[in-house]
Each structure stands twice: as structure tokens, then as C-alpha cells.
Chemist: 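Could you have a look at this structure, given as C-alpha cells, before my questions?
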Amino acid sequence: MADVVQPDPNSLQIPGDDLSAPSSPATARNDCSITPVTPSPSPRVEVRPRMACPFSVVVAIDFGTTSSGYAFSFSQDSEAIHMMKRWEGGDPGVANQKSPTCLLLTPDLRFHSFGFAARDFYHDLDPEEARHWLYFDKFKMKIHSTSDLTMETELEAVNGRKVRAIEVFAHALRFFREHALKEVKDQSSSVLEGEQIRWVITVPAVWRQPAKQFMREAAYLGGLVSPECPEQLLIALEPEAASIYCRKLRLHQVLDLSLQPMTNGLNLDGPRPFDSSFRQAREQLRRSRHSRTFLVESGTGELWSELQTGDRYIVADCGGGTVDLTVHQIEQPQGTLKELYKASGGPYGAVGVDLAFEAMLCQIFGEDFIQSFKAKRPAAWVDLTIAFEARKRTAAPGRANALNISLPFSFIDYYKRHRGQSVEAALRRSNMNIVKWSSQGMLRLTQEAMNELFQPTIFNIVKHIEELMAKPEVRGVRFLFLVGGFAESPMLQKAVQKALGRTCRIIIPHDVGLTILKGAVLFGLDPTVVRVRRCPLTYGVGVLNRFVEGRHPRDKLLVKDGREWCTDILDRFVSVDQSVALGEVVRRSYTPARVGQRKIIINIYCSATDDVTYISDPGVRKCGTINLDLPEPLPQPPGAVGGAGGGVPERREIRATMQFGDTEIKVTAVDIMSNRSVRASIDFLSN
């Protein structure tokens with residue numbers, strides 16, 4: 001327990017004019033000016049000198065739901081971004097810029113392989129043996145969907161066995177660390193020490209603090225960095241990283257979907273079919289993939305020359321698991337970014353199409369059969385999902401011929417044994433006319449069937465973008481950038497163009513699947529590039545205030561030492577959708593409840609709305625704790641107040657400083673009397 005001293009309503013402070021936190025909290029005590037809770041909408045424009053990167057190399061890991069990869073850049077040559085080596089394995093016709101996010105553990109839970117190697121080894125196992133191996137696929141989704149995420153949260157392998165999620169993520173990150181370090185050392189002329197490398201891990205912007213902390217803990221466990229050097233690891237928000245890279249784009253590096261008005265898929269200015277622009281872009285992308293080093297502009301790219309100060313744009317990161325939307329403004333001339341609306345999105349990624357395909361199979365063959373097949377023939381089930389994934393990528397609007405998906409022989413054989421009839425008979429009995437059977441052992445999905453699989457996910461994405469663009473803070477958007485792996489889908493591209501092509505310019509970077517990865521490297525080189533962010537939630541702590549009759553409810557009355565207090569009042573740190581600049585801090589002072597107390601634990605509460613007064617209000621929940629480890633008080637000289645000479649002991653004040661303007665919430669603290677740092681941490685995983 002601790003007493004709160006001086007809760008200050010104007011709690012956002014910015015030390016002087018400097019946008020970085022003061023190096024010594026003691027010096028900031030006297031010279032910090034207090035600013036309003038919401039920073040001024042028109043901050044003083046200064047030419048921002050590029051911050052020197054304190055690390056020799058930046059390695060970014062884009063940890064995706066369906067595919068993952070890494071890239072790196074040397075701070076001495078920061079305009080060159082090196083992509084990871086081409087992966088061995090892969091699917092015919094699918095460009096393997098990144099590796100599938102799948103991981104294989106041996107039956108005794110040791111790491112075996114990751115990516116194509118894991119998938120191919122698992123595929124080649126004897127079916128009986130495969131049942132004992134632990135294969136994990138698209139496991140990042142679990143972190144987004146778990147509301148009570150902790151260090152003990154478990155992941156279920158394809159065979160049904162469970163392992164702590166933190167261990168699976170740590171295995172994957174350790175794998176990337178080893179591969180990336182080998183490549184960095186191959187490219188570097190000097191010997192690099194571990195502390196010279198800054199690591200960046202990408203996460204969806206809609207992830208809450210527990211999920212971000214989870215990735216940080218997994219990185220510690222995987223050996224990327226030590227918990228003693230937390231500044232060596234940055235958590236980057238995926239659409240934000242994409243936005244940082246999009247600032248650098250030149251006109252020849254993008255596909256502009258808004259240049260040609262469309263009628264029934266045809267260009268009004270000529271007979272060229274709609275799809276040809278995509279074919280051209282893909283051909284250019286195919287050629288560019290032979291080089292693994294990308295050069296980026298030192299300033300902003302020519303695409304931005306027509307933007308006026310104050311113009312805004314949306315980045316829609318359409319990934320495997322989630323769709324993540326962020327709204328930014330470029331601040332000229334310094335080129336920094338300002339977030340205009342809190343990150344939004346939802347579980348509308350490409351995995352939704354996979355789930356719709358599984359539901360279609362359940363409709364045809366029966367849910368009990370599909371569940372039994374997944375449990376008894378897990379490797380064959382993975383084969384089937386891979387076959388669908390390859391065909392899904394080729395689905396395009398207006399395609400005349402059906403898409404063929406090979407059914408594994410074990411599926412056909414298992415169905416006959418399980419049901420006593422053929423797969424073809426099941427298809428006829430299901431009356432599903434949009435799926436045909438081929439005598440070559442394939443399901444033939446008509447264009448109508450593909451539309452049915454894509455439509456719910458695409459509808460949700462378009463609806464979400466339209467709802468965002470209708471908000472007053474977002475109106476007048478000039479550009480919509482589509483990024484992420486799912487943005488490669490012509491089905492999604494056409495739907496977005498049809499719905500929004502006359503509202504704003506729709507831009508797709510050519511290397512759309514690598515946009516986030518490149519932006520994450522740029523973020524690692526200069527984390528100050530995003531100057532203002534928006535708070536996704538209201539955060540605060542519960543405090544006691546003087547009880548006021550008529551204003552406070554009687555059930556909140558607490559009488560302590562003869563004085564009347566109102567309990568459970570939410571002392572806000574920040575409010576939902578509030579603008580917070582990088583370097584702005586919230587300060588609170590706490591005093592131990594008793595002499596000799598060595599630890600203060602303060603519960604943090606959050607709410608998705610701002611119209612809350614008490615921590616017991618509906619929608620308010622405990623989301624974490626601030627932990628302050630107090631050092632032993634310094635011995636006081638005889639005769640000092642509270643020293644050996646007697647007198648009343650002086651109340652000990654611990655001042656905590658919190659930062660909400662970064663991608664993660666951070667806390668530091670100082671013992672005011674001794675001016676010593678207090679070990680402070682913020683924990684969102686032990687709830």
C-alpha cells in the first residue's frame with residue numbers, strides 16, 4: 001500500500017522544450033513547465049536533426065501470423081536495407097520473400113525447426129509418428145484473441161498437446177536471432193558485440209499492453225537482449241512501421257489504384273483490362289526480388305511532394321491475422337509523423353478466408369469427420385491447408401476457370417473408411433453446386449465459391465476503413481496505403497478500389513509484403529520519427545479524495561483517523577484517444593504507508609471510454625501494476641529531523657514518471673529525499 005501525494009489534474013508534463021525525457025529526474029523537478037492534458041494542435045515547428053543511432057546495426061523481425069522474416073541495416077549506411085537470404089523450400093508459384101510462421105518441436109519438446117524446414121519435415125513424417133510431434137501454425141493469433149494473457153498461457157499444437165506460449169515464441173525468436181546474426185556478421189567487416197545490435201519486433205497496433213510485454217518477455221527468453229538492457233529492444237507497431245517506410249516511396253515504387261476510373265473492371269480511358277496493371281506490378285516485383293538490398297530515400301519520397309501541411313493519410317495493414325488501421329499526418333519540414341486517431345482494426349486477416357474454407361469442408365463432409373481427420377492425420381491436414389493457401393493467392397475477380405485444390409490421398413482414403421462412401425458421393429449429397437469434383441482427385445472451386453470464401457473477410461475490412469474515414473478527426477484523407485501480405489490479393493484490391501477509389505488515392509507499394517519489415521528497420525534507426533501518438537485506452541490508479549457530501553456516493557465513504565475520504569476515485573494518467581507527444585511524461589508522488597517499507601505496488605486500471613469516475617464503474621478493469629522497489633533509506637546525521645536526535649520522521653516521497661507517448665508504457669522513479677533512482681517496473685502480465 002502507498003499513499004498518493006498531490007494528484008495533479010494537469011499531469012502531462014514536458015521537460016522544457018526538449019522532447020526527450022530528462023536524464024536526471026532530480027533536475028526536472030524544478031524546471032519542468034506543466035502543459036495542458038492535450039498538447040496544442042499546432043506545436044512549434046522546428047527542423048529536427050536526425051538522431052544519431054547509438055547502435056552499429058539494427059535488426060528488425062516482422063513476426064507475422066502467416067509469414068515472418070527479418071531485415072537489417074548498418075547505422076553507418078542507413079539508406080541500405082538488407083533483406084534476409086532467400087529461404088530454401090517453399091511452394092511452386094509462391095514467391096518466398098519470407099518464411100511461413102510455423103514451428104516444430106520434437107516429441108520431448110525440444111526445438112527442431114522453423115518455417116519451410118518445419119513444414120517439409122512434418123509433411124514427410126510417417127502419419128503414426130507425426131501424431132507425437134508438436135507442429136504449431138499461425139500461433140500468433142492466440143496472443144490477440146486471449147483476453148487474460150499471462151506467462152502461463154498455453155498454445156495447442158496440431159496434435160492437441162499444449163506448451164507454454166512464451167516458450168514457443170522464444171524458440172521462434174531464437175531461431176531468427178541465430179540466422180540474422182550469421183548474416184550480419186557475413187556482411188560486416190568489423191567484429192560486432194551483442195550490445196551493438198538493436199532489435200526491433202513488430203506487433204499489430206491494436207494489441208494491448210499485455211501482448212506487447214509478452215513479446216518483450218519472449219525476446220528476453222529467446223536471448224535477443226538481456227532484461228538488464230531493455231533499450232536494446234524496440235516494439236514497433238506494424239501499420240506505423242509501414243507508414244514510416246511509405247514516407248520514402250517514389251512514384252515508380254507504387255501501384256496507384258485510383259488513377260484509372262473503372263466500369264465493370266475495364267479502364268474507361270482504353271480497352272486495357274483491370275488486371276493488367278497488377279500483372280505489370282508483379283513482373284516488376286519479380287525482377288526486383290533478385291536483389292536483396294533496398295535503397296531508401298534520405299528525405300521523404302517524391303510521392304509526398306503534393307501533400308500540404310496538415311494533409312492526412314491512412315495505412316491499412318492487411319495481414320494474415322488482423323487488419324490494423326492507423327491515421328497519420330506528416331509534419332513538414334522535419335518529416336516527423338503525428339497520429340490523428342487511435343489505432344483500430346480487428347481479426348479480419350487472410351486467415352478468415354482459411355476458416356471459411358474449413359467451414360465449407362465441414363458443410364460438405366461433416367464437422368465430426370473434419371475434426372477427426374485433423375486429430376488423426378495432422379500432417380495431411382497441413383498439406384491440405386498448404387494446397388489451399390497456394391490457390392488462394394491466385395484468386396482474382398473475374399477469373400473464368402475454376403481453382404483446383406488437390407485433396408491428399410489420405411483424406412480420400414480416410415473418408416471412405418470413416419463414412420463408407422466416396423468423397424465424390426459426399427459432394428453430390430451436399431448439394432453444394434459451387435464446388436465440383438475432378439476425377440484427378442481435386443476439388444474444383446468455382447468463382448462463386450471463391451467469392452463466398454473471401455466475401456465476409458473483405459466486407460469487414462472495407463466496412464472498417466469506411467467507418468474510420470467517416471469520423472470527424474479523419475475526414476479529408478488524401479491517401480490510403482494498402483500494405484501487408486493480404487494486400488497482394490487482387491480480390492481485396494478490387495473491393496477496396498470499388499468502394500473507396502473515388503474518395504481518395506489508393507496506393508500499394510510494389511513490395512507490399514516487405515513494407516512493414518523495411519519500416520521497422522527505419523524505426524529502429526530513428527525511433528523519434530513518430531512524434532505524437534494517440535492513447536488507445538484511459539489509464540489511471542485508484543486514489544482517496546476528501547469526501548464531499550452530495551457529490552460522492554455514501555457507499556464510497558471511508559473514515560480514517562477522524563477524517564472522511566471517498567475511496568475508489570480514478571486518478572487519470574491519460575485519456576482514451578488523447579494526443580501524447582514523445583517525451584511527455586505523467587508524474588505522481590507516492591509515500592510508503594509505513595516506515596521501513598521496501599516495496600510499493602500500485603494497481604493500474606484502464607477503460608475504453610473516458611466517462612468514468614470510479615475504478616468500480618462498468619467497463620473499468622485492473623490491467624496491471626506499477627512496482628517500486630525502495631532502497632534502504634540513507635542514514636541521517638545525528639540531530640537531523642527524523643535522525644538519531646529524535647523528532648518526527650520525514651515522510652519519504654517516491655516520484656514516479658510514466659511515459660505514454662511511446663509504443664510501450666514506461667515508468668521510472670526516484671527517491672526525492674536521497675535523489676537515488678528507484679527500481680521501477682510496470683507489469684501487465686501478472687493480472
Side-chain angles (χ1 to χ4, degrees), residues 10-14 19 21 35-43 202-212 234-244 246-247 309-317 322-331 336-346 464-465 467-481 519 523 527-540 572-586 604-612 619 623 658-666 682 684:
N10 291 331
S11 55
L12 270 187
Q13 303 172 348
I14 192 155
L19 284 181
T35 62
V37 172
T38 304
S40 162
S42 51
T202 66
V203 302
V206 290
W207 272 17
R208 299 295 189 216
Q209 292 300 324
K212 294 176 187 175
L234 293 178
I235 299 295
L237 309 182
E238 287 162 359
E240 200 173 271
S243 179
I244 291 167
C246 286
R247 289 157 57 249
T309 298
D311 277 351
R312 51 202 62 185
Y313 63 94
I314 293 176
V315 175
D317 170 23
T322 54
V323 164
D324 234 0
L325 306 178
T326 195
V327 188
H328 276 165
Q329 202 172 47
I330 285 197
E331 299 177 309
T336 49
L337 297 176
K338 178 179 180 180
E339 189 175 29
L340 297 180
Y341 190 77
K342 66 185 170 83
S344 60
H464 209 87
I465 297 172
E467 286 174 355
L468 179 64
M469 290 175 80
K471 296 189 182 296
E473 306 94 323
V474 183
R475 281 201 192 120
V477 160
R478 293 283 306 277
F479 290 93
L480 168 63
F481 288 91
F523 177 68
T528 67
V529 64
V530 181
R531 197 188 63 81
V532 179
R533 291 184 175 88
R534 294 275 180 157
C535 291
L537 296 169
T538 295
Y539 287 100
R572 275 176 189 71
F573 292 157
V574 285
S575 297
V576 64
D577 205 32
Q578 175 184 328
S579 279
V580 186
L582 205 60
E584 276 182 329
V585 296
V586 178
I604 306 174
Y605 296 85
C606 68
S607 167
T609 62
D610 195 35
D611 56 347
V612 290
C623 61
M658 286 150 286
Q659 289 189 20
F660 289 86
D662 224 319
T663 58
E664 297 172 276
I665 298 173
K666 296 173 182 171
I682 193 159
F684 292 98

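All values below were derived from every heavy atom in this structure, side-chain atoms included, with hydrogens, water molecules and symmetry-related copies excluded.
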Chemist: So, do R247 and V529 sit near enough that their side-chain heavy atoms are less than 4.5 Å apart?
Modeler: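 Sidechains of V529 and R247: in contact.
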Chemist: As an exercise, state the distance from CD1 of I665 to CD1 of I604, rounded to the nearest 0.5 Å.
Modeler: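 The CD1 atom of I604 is 6.5 Å from CD1 of I665, to the nearest 0.5 Å.
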Chemist: Quick check: closest heavy atoms across Y313 and L337, and the distance to 0.1 Å?
Modeler: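 That would be OH-CD2, 3.3 Å.
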Chemist: Compare every heavy atom of F523 with every heavy atom of T663, then report the nearest pair and how far apart it is.
Modeler: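 Result for this residue pair: CG2-CZ, 4.1 Å.
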Chemist: Judged by atom type as modelled, is there a donor-acceptor pair below 3.5 Å linking the side chain of Q659 to the main-chain atoms of K666?
Modeler: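 Not a single qualifying donor-acceptor pair exists.
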Chemist: How close do E664 and K212 get, counting heavy atoms only, and between which atoms?
Modeler: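 Heavy atoms only, the tightest pair is OE2-O, 4.3 Å.
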Chemist: Taking the side chain as every heavy atom from C-beta outward, state whether I244 and V530 have any pair of such atoms under 4.5 Å apart.
Modeler: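 With C-beta onward as the side chain, the pair touches.
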Chemist: Roughly how far, to the nearest 0.5 Å, is the OG1 atom of T528 from the CG atom of D662?
Modeler: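 Atom-to-atom, D662:CG and T528:OG1 are 10.5 Å apart.
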Chemist: Please check: side-chain N/O of R572 versus main-chain N/O of G540, any donor-acceptor pairing under 3.5 Å?
Modeler: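 Side chain of R572 to backbone of G540: no pair is present.
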Chemist: Could you walk me through whether V323 and H464 pass the side-chain contact (heavy atoms from CB on, under 4.5 Å) test, one step at a time?
Modeler: CA-CA 9 Å; V323 164; H464 209 87; 5.8 Å; no
Chemist: Return the minimal non-hydrogen interatomic distance between R208 and P536, and the atom names on each side.
Modeler: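 Closest approach of R208 to P536, heavy atoms only: NH1-CB, 3.7 Å.
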Chemist: Would you say the side-chain atoms of R475 pair up with the backbone N or O of P472, donor to acceptor, closer than 3.5 Å?
Modeler: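 Not confirmed, R475 side chain does not pair with P472 backbone.
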Chemist: Got a second to check how far L237's CG is from T326's OG1, nearest 0.5 Å?
Modeler: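 L237 atom CG to T326 atom OG1 measures 8.0 Å (nearest 0.5 Å).
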Chemist: Rounded to the nearest 0.5 Å, how far does CG of L537 lie from CZ of F660?
Modeler: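 Answer rounded to 0.5 Å: 10.5 Å.
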Chemist: List the steps, then state whether side-chain contact (heavy atoms from CB on, under 4.5 Å) holds for V474 with L340.
Modeler: CA-CA 7 Å; V474 183; L340 297 180; 5.9 Å; no
Chemist: Could you tell me whether the side chains of D324 and T322 share a donor-acceptor contact shorter than 3.5 Å?
Modeler: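 Distance-only check fails for D324 and T322.
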Chemist: Say you draw a straight line from CE of M469 to CD1 of I314; how long is it, rounded to the nearest 0.5 Å?
Modeler: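 That separation rounds to 5.0 Å.
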Chemist: I need the minimum non-hydrogen distance between T538 and T609, along with the two atoms involved.
Modeler: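 The answer is OG1-O, 3.1 Å.
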Chemist: Under a 3.5 Å distance rule, please check whether R312 uses its side chain to pair with a backbone N or O of E473 as donor and acceptor.
Modeler: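 Pair found, side chain donor or acceptor close to backbone of E473.
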Chemist: Return the CD to OG1 distance between E331 and T336, rounded to the nearest 0.5 Å.
Modeler: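 One finds 3.5 Å between CD of E331 and OG1 of T336.
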Chemist: Quick one: closest heavy-atom pair of C535 and V580, and the distance?
Modeler: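 In terms of heavy atoms, the two residues are closest at SG-CG2, 3.4 Å.
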Chemist: Against Y341, only a single residue in K471, H328, R534 fulfils side-chain contact (heavy atoms from CB on, under 4.5 Å); can you say which?
Modeler: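 With Y341 as partner, side-chain contact (heavy atoms from CB on, under 4.5 Å) holds for just one option, K471.
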